[in-house]
Each structure stands twice: as structure tokens, then as C-alpha cells.
Amino acid sequence: MEYIIEQNVFELEDIFECGQCFRWNKEENGSYTGVFGNNVINVEKKENKVIFKGVCEGNIKDICSKYFDLYRDYTKIREELSKIDENLKISVEYGKGIRILNQDLWETIISFIISANNNIPRIKGIIERLSKKYGNKIIYGGKEYYTFPLPEQLKDVTVSDFRELGLGFRDIRLYETTKMILNEDVSLEKIENMKTEEAREELLKLSGVGPKVADCILLFSTLKRFDVFPIDVWVRRVMNDLYIRKEDETKVSKKEIQELADTKFGNLQGLAQQYLFYWKRDTA
DNA sequence: GCGCAGGGGGTCG
DNA sequence: CGACCCCCTGCG
């Protein structure tokens with residue numbers, strides 16, 4: 001199956017390397033292949049054309065339009081952000097092809113719990129092993145791919161099973177969070193309809209979900225909340241360099257950064273964070 | 001080549 | 001505020 005569109009705001013590197021996802025890998029021809037839901041998709045960009053192809057459960061046009069957030073007008077968003085100040089103007093130009101993916105809520109929760117005090121190559125490795133062991137196999141282009149396991153597929157997995165996958169101290173967090181979601185102590189369905197602050201409170205009940213991980217989930221999943229500002233060591237550094245300018249960046253409080261983001265970036269702060277982070281991370 | 005030290009998208013107690 | 005697991009990376 002194949003779907004081709006003309007789309008200016010769509011750059012493969014910007015989308016897949018900006019830090020929002022862990023399951024997309026670059027091919028030799030520069031295209032990217034990834035797994036989401038029960039789909040394996042390859043994406044290629046040729047001039048203004050984006051080409052999606054792969055194994056798809058349903059209509060590839062609908063599935064890719066939803067996942068790649070094609071219904072949203074990023075040109076307008078970029079214009080709005082550019083007006084804020086010079087930093088935003090530069091960063092929005094730098095990351096001009098960024099789109100925020102609509103990633104499955106459950107998968108995003110687990111992935112970002114794994115991300116805590118961890119590095120990207122290892123995070124990706126853990127997620128691949130988890131998927132290979134408990135997900136479903138899909139063949140595409142002669143290669144094997146594995147879907148991200150559903151909560152039910154992790155129902156009987158023990159703490160030590162998780163430990164064997166290389167999760168380290170996160171084993172218990174995955175175990176407990178899976179249980180809480182299966183028991184509906186935390187209902188993913190209800191979270192979808194909650195206001196951002198309420199949804200955040202709910203996510204924080206999960207084991208291994210603190211403020212930073214909660215904000216990443218709110219921003220990068222289908223929840224798609226742009227009124228959050230995930231603060232990690234990098235964002236702290238960037239915000240200090242650009243706006244606060246203290247001698248010692250470790251003395252900059254989260255509260256200080258959050259208030260600055262609220263007043264400066266308002267309800268687009270999540271996107272502002274992505275553009276600024278992506279820009280300064282690559283040019284630092 | 002290989003062995004080893006260092007560190008990492010935070011969270012929890 | 002210190003501990004936390006372990007894979008990856010980089011350097012010797």
C-alpha cells in the first residue's frame with residue numbers, strides 16, 4: 001500500500017530525530033521505517049512529496065494522516081511562534097519540518113518511563129527487545145518487525161522478566177504501571193477527556209512517572225497537549241542560555257523556567273520547547 | 001582490537 | 001538529596 005502527498009512542513013530528520021519517538025530507524029536510502037499500532041511504515045521524502053508505504057491495518061491514508069498529524073496547520077503554528085522573539089524565529093526556521101506525532105498513549109507512557117536516567121541508544125534497545133519478546137511479528141520487505149506489546153500482552157510478565165530485558169531499576173515501575181492500567185486504577189480512556197492539569201495529576205499516579213515524564217506523555221502521545229513544557233537537563237540549559245543567564249545553570253529552578261514558559265509561550269509552550277531544544281541541541 | 005571507566009531524556013524514598 | 005541498573009560510548 002502506498003500514499004503520496006505534497007507537504008512542505010515535513011522533514012524526516014526533524015520529525016524522527018527531535019526526540020519524541022524511539023522506534024523509527026534510518027534506511028540506507030535516507031528514508032525511515034518504523035512500527036506503530038499494527039502498521040509497519042516506510043516514509044520517504046522526494047522534493048515536496050512525502051511517500052508512505054508499508055504494511056497497514058486499514059486505509060494507509062487515514063492511518064498516516066492521523067499519526068503524522070497532517071490535519072494540523074503547522075505553517076500557522078510556526079508563524080505564530082516566530083512572532084514571539086528572535087530565538088523562536090531562528091529555531092522555528094531551523095526545525096522547519098518538525099511535526100509532533102500522535103503516538104499511542106500506552107506506548108508513550110511505557111517508553112518514557114524507560115527513558116528516565118537513560119540514554120537514547122539503550123532506550124531504543126530496550127523497547128525493541130520488549131517488542132520482540134511480547135509483541136506481534138509483522139513481515140515487511142523480507143524483514144521482521146514487532147508491534148509494541150499491549151497491556152494484556154504484559155499481563156503475566158514478572159519483575160525479573162523485565163529485568164532480563166535490561167530494564168534495570170525500571171523493572172518494578174513497568175510492572176506496577178502495567179498492573180495499574182490493567183486494573184483501571186488509572187483509566188487511559190478517561191485521561192483522554194480530561195483537562196491538561198487533571199490528566200497530568202492522573203499520569204503522576206503511575207509508577208515511574210514524574211513531572212518530566214508526565215509532560216512528555218501529554219505532549220507526544222495522542223493526548224497532544226501543547227500547554228505543557230517538559231523540563232530536563234537540556235531544556236534547563238537552553239532556557240538559561242537564552243533567557244535567564246545565570247552563572248550556574250543548576251541554580252535555575254524548575255518553577256522559574258515553568259513561569260517563563262507560561263508567560264512567554266502560553267498555550268504553544270510544548271511546541272516552543274521542541275523547536276528550541278532541537279535547535280540548541282544540534283548547534284550547541 | 002579489547003578492556004574499562006564514565007555517564008545518561010528522572011524518579012523515588 | 002543520594003541512590004539507582006546497565007547498555008553504550010569513547011578513550012587508552
Side-chain angles (χ1 to χ4, degrees), chain A residues 13-26 91 95 98 100-101 103 107-133 157-181 185-186 200-221 223 225 228-241 248-258 261 269-284:
Chain A
E13 303 258 350
D14 296 346
I15 293 171
F16 298 124
E17 311 290 351
C18 74
Q20 60 177 323
C21 54
F22 301 105
R23 298 208 71 195
W24 287 88
N25 297 306
K26 199 174 196 167
S91 67
I98 290 181
I100 307 297
L101 302 168
Q103 303 184 78
E107 176 174 342
T108 310
I109 290 170
I110 297 301
S111 298
F112 279 88
I113 290 174
I114 294 170
S115 80
N117 190 226
N118 211 341
N119 50 56
I120 291 172
R122 187 177 164 209
I123 298 166
K124 291 179 91 170
I126 291 171
I127 293 175
E128 283 316 306
R129 291 193 290 276
L130 187 67
S131 301
K132 184 163 188 178
K133 184 141 191 205
V157 179
T158 64
V159 176
S160 59
D161 289 334
F162 282 130
R163 182 60 68 109
E164 276 180 35
L165 292 175
L167 272 153
F169 59 78
R170 304 163 197 80
D171 55 0
I172 268 195
R173 300 177 182 174
L174 243 69
Y175 177 84
E176 289 182 342
T177 286
T178 302
K179 285 277 177 290
M180 289 176 81
I181 287 172
D185 297 331
V186 169
R200 193 168 192 272
E201 291 297 313
E202 202 61 18
L203 288 169
L204 286 172
K205 290 181 186 170
L206 297 169
S207 174
V209 177
K212 191 269 178 180
V213 168
D215 284 348
C216 283
I217 295 166
L218 287 161
L219 180 58
F220 298 138
S221 73
L223 294 175
R225 306 305 168 91
V228 298
F229 199 79
I231 300 169
D232 59 30
V233 286
W234 271 98
V235 173
R236 180 189 304 253
R237 193 170 304 158
V238 171
M239 291 299 278
N240 189 50
D241 287 354
D248 183 357
E249 73 181 41
T250 59
K251 289 214 166 72
V252 182
S253 72
K254 285 191 74 166
K255 186 162 176 274
E256 197 173 351
I257 297 172
Q258 185 60 61
Q269 56 186 278
L271 285 160
Q273 191 262 23
Q274 276 303 284
Y275 287 111
L276 291 172
F277 171 75
Y278 183 57
W279 168 48
K280 290 299 263 184
R281 190 197 61 184
D282 284 12
T283 57

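Each chain gets a letter, A, B and so on, in the order its sequence line appears, and its residues count up from 1.
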For [X] and [N], what is the distance between atoms [atom1] and [atom2] respectively, to the nearest whole Å?
X: A:Asp282; N: B:dG9; atom1: CG; atom2: C1'; answer: 15 Å
X: A:Ile123; N: B:dG7; atom1: CD1; atom2: P; answer: 18 Å
X: A:Lys212; N: B:dC12; atom1: NZ; atom2: C1'; answer: 17 Å
X: A:Lys280; N: B:dG9; atom1: NZ; atom2: P; answer: 18 Å
X: A:Ile231; N: B:dT11; atom1: CD1; atom2: P; answer: 11 Å
X: A:Lys205; N: B:dC12; atom1: NZ; atom2: C1'; answer: 18 Å
X: A:Asp171; N: B:dT11; atom1: CG; atom2: P; answer: 17 Å
X: A:Lys124; N: C:dC8; atom1: NZ; atom2: P; answer: 12 Å

Under a 4.5 Å cut-off applied to non-hydrogen side-chain atoms, are [X] and [Y] in contact?
X: A:Met239; Y: A:Glu249; answer: no
X: A:Ile127; Y: A:Ile114; answer: yes
X: A:Val157; Y: A:Leu174; answer: no
X: A:Leu130; Y: A:Ile110; answer: yes
X: A:Val235; Y: A:Phe229; answer: yes

Which nucleotide sits closest to the side chain of [X]: [options]?
X: A:Asn119; options: C:dC6, B:dG10, C:dC8; value: C:dC8
X: A:Arg170; options: C:dC7, B:dG10, C:dC5; value: C:dC5
X: A:Phe169; options: C:dT9, B:dG9, C:dC5; value: C:dC5

Which part of the nucleic acid, if any, lies within reach of [X] when heavy atoms closer than 4.0 Å are counted: base, sugar-phosphate only, or nothing?
X: A:Phe22; value: base
X: A:Gly208; value: sugar-phosphate
X: A:Pro211; value: sugar-phosphate
X: A:Ile120; value: base
X: A:Gly168; value: base
X: A:Val209; value: sugar-phosphate

Considering only atom [atom1], compute the distance from [N] to [M] and round it to an integer number of Å.
N: B:dG1; M: C:dT9; atom1: C1'; value: 16 Å
N: C:dC1; M: B:dG9; atom1: P; value: 23 Å
N: C:dC7; M: B:dT11; atom1: P; value: 22 Å

When you look at NZ of A:Lys132, are more than 12 heavy atoms from neighbouring residues, nucleotides or ligands closer to it than 6.0 Å?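 For A:Lys132, atom NZ is not crowded (no more than 12 foreign heavy atoms under 6.0 Å).
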
Can you confirm whether A:Tyr175 is buried at OH, in the sense that more than 12 heavy atoms of other residues, nucleotides or ligands lie under 6.0 Å from that atom?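 Counting neighbours around OH of A:Tyr175, 12 or fewer heavy atoms of other residues, nucleotides or ligands fall under 6.0 Å, so no.
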
Let me spell it out: for each of A:Phe220 and A:Leu206, pick the nucleotide of DNA chain B with the closest heavy atom. Which residue's pick is nearer the 5' end?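 Of the two residues, A:Phe220 wins.
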
Is there a donor and acceptor pair closer than 3.5 Å between the side chain of [X] and the base of [N]?
X: A:Arg122; N: C:dC8; result: no
X: A:Asn117; N: C:dC5; result: yes
X: A:Arg173; N: B:dC12; result: no

Using 30° and 60° as the class limits, which term best fits the ring planes of A:Trp234 and A:Phe277: parallel, tilted or perpendicular?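 Rings of A:Trp234 and A:Phe277: perpendicular, as their planes differ by over 60°.
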
Pull out every stem in DNA chain C, meaning runs of 3 or more consecutive Watson-Crick or G-U wobble pairs with both distances under 3.5 Å.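 DNA chain C forms these stems: B:2-8 with C:6-12, B:10-13 with C:1-4.
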
On DNA chain C, nearest-nucleotide positions of A:Gly125 versus A:Leu167: which is more 5'?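 Residue closer to the 5' terminus by nearest nucleotide: A:Leu167.
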
Would you check, one step at a time, whether the test side chain to side chain donor-acceptor pair (under 3.5 Å) holds for A:Asn118 with A:Ser115? CA-CA 5 Å; A:Asn118 211 341; A:Ser115 80; over 6 Å; no

